[in-house]
Amino acid sequence: DGGITQSPKYLFRKEGQNVTLSCEQNLNHDAMYWYRQDPGQGLRLIYYSQIVNDFQKGDIAEGYSVSREKKESFPLTVTSAQKNPTAFYLCASSPPRQGIYEQFFGPGTRLTVL
Amino acid sequence: RKEVEQDPGPFNVPEGATVAFNCTYSNSASQSFFWYRQDCRKEPKLLMSVYSSGNEDGRFTAQLNRASQYISLLIRDSKLSDSATYLCVVNMVNSGAGSYQLTFGKGTKLSVIP
């Protein structure tokens with residue numbers, strides 16, 4: 001089955017710890033994205049990558065880091081510098097169709113800082 | 001003006017009713033428009049793209065009015081399974097991140113009541 005997987009589904013972290021969220025896709029999509037969603041809020045873009053070995057900051061990149069060493073993988077690290085990391089994190093990817101930019105999402109990771 | 005604005009609801013409607021959601025967007029250069037559906041504590045899923053000529057998929061009809069920068073979604077013969085949050089999504093062409101970036105509204109919550 002083709003799709004986007006994220007792991008873990010739930011993650012608990014102590015303050016001051018870095019944590020890495022996994023995102024893998026086997027859809028052969030070039031572009032991948034990370035969003036966070038807070039209760040009652042819209043999705044906010046953290047980072048995105050249009051191609052391997054290249055990525056760009058989104059609207060709320062502070063306290064986060066990413067890498068894109070493989071087309072299939074786009075891990076997100078939440079660092080201790082992120083002041084309010086408790087949120088629902090969503091990874092997405094999009095196919096390289098000219099003029100159409102719909103994105104497809106993984107099931108998400110719920111991060112709770114204790 | 002918010003980039004993508006939706007009535008948050010909730011819309012509580014009886015089974016079989018017709019319900020309409022509206023959305024306005026601020027960037028007149030936007031080119032791609034979508035409706036996503038998000039169930040409670042799940043990832044958003046693409047419901048339908050919105051085309052200038054309007055498009056229909058079963059009980060769902062989407063309309064785009066570029067002059068008014070307005071998008072709508074009509075659901076006919078509502079089912080219990082339609083209960084979800086509906087997200088209006090727009091490709092913001094002139095955003096700093098380039099045309100690959102989508103901007104999500106906060107969503108309109110729909111509850112279909114037996």
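Each chain gets a letter, A, B and so on, in the order its sequence line appears, and its residues count up from 1.
A:Leu43 CG to B:Thr103 OG1: the interatomic distance, rounded to the nearest 0.5 Å, is 10.5 Å. Interatomic distance, A:Glu102 CD to B:Tyr36 OH, rounded to the nearest 0.5 Å: 6.5 Å. Annotation: the span from B:Leu46 atom CG to A:Ser94 atom OG amounts to 12.0 Å, rounded to 0.5 Å.
Residues A:Gln6 and B:Glu43 bring no donor and acceptor atom of their side chains to less than 3.5 Å of each other.
Judged as a disulfide bond (SG atoms under 2.5 Å apart), not a single pair has a partner in residues 30-84 of chain B (not counting sequence neighbours).
By number of non-hydrogen pairs under 4.5 angstrom with chain A, the leading residue of B:Gln6, B:Lys45, B:Arg41, B:Gln38 is B:Arg41. Counting heavy-atom pairs under 4.5 Å between each of A:Gln37, A:Gln41, A:Arg44, A:Arg110 and chain B puts A:Arg110 at the top.
Within residues 73-88 of chain A, the residues having any heavy atom less than 4.5 Å from a heavy atom of chain B are, in residue-number order, A:Phe88.
Residues passing the side chain to side chain donor-acceptor pair (under 3.5 Å) test with A:Thr109, sequence neighbours excluded: none. With sequence neighbours excluded, no residue satisfies side chain to side chain donor-acceptor pair (under 3.5 Å) with A:Asn18.
In the hydrophobic clustering of this structure, B:Phe33 groups with B:Leu73; members are Ile, Leu, Val, Met, Phe, Trp, Tyr whose side-chain heavy atoms approach within less than 4.5 Å, directly or through other members. Under the 4.5 Å side-chain heavy-atom criterion for ILVMFWY residues, a single connected hydrophobic cluster contains both B:Val4 and B:Leu47. Linking ILVMFWY side-chain heavy atoms closer than 4.5 Å, directly or via other members, places B:Ile71 and B:Leu110 in a single hydrophobic cluster. By the criterion of side-chain heavy atoms lying less than 4.5 angstrom apart, applied directly or through intervening Ile, Leu, Val, Met, Phe, Trp or Tyr residues, A:Ile4 is not grouped with A:Tyr89; the two fall into different hydrophobic clusters.
Counting non-hydrogen atoms of other residues, nucleotides and ligands closer than 6.0 Å to NZ of A:Lys71 gives a total above 12. Few gaps surround CD1 on B:Ile113; more than 12 heavy atoms of other groups in view lie less than 6.0 Å from it.
Listed for the A:Tyr33 side chain is no donor-acceptor partner under 3.5 Å among the backbone atoms of B:Leu102.
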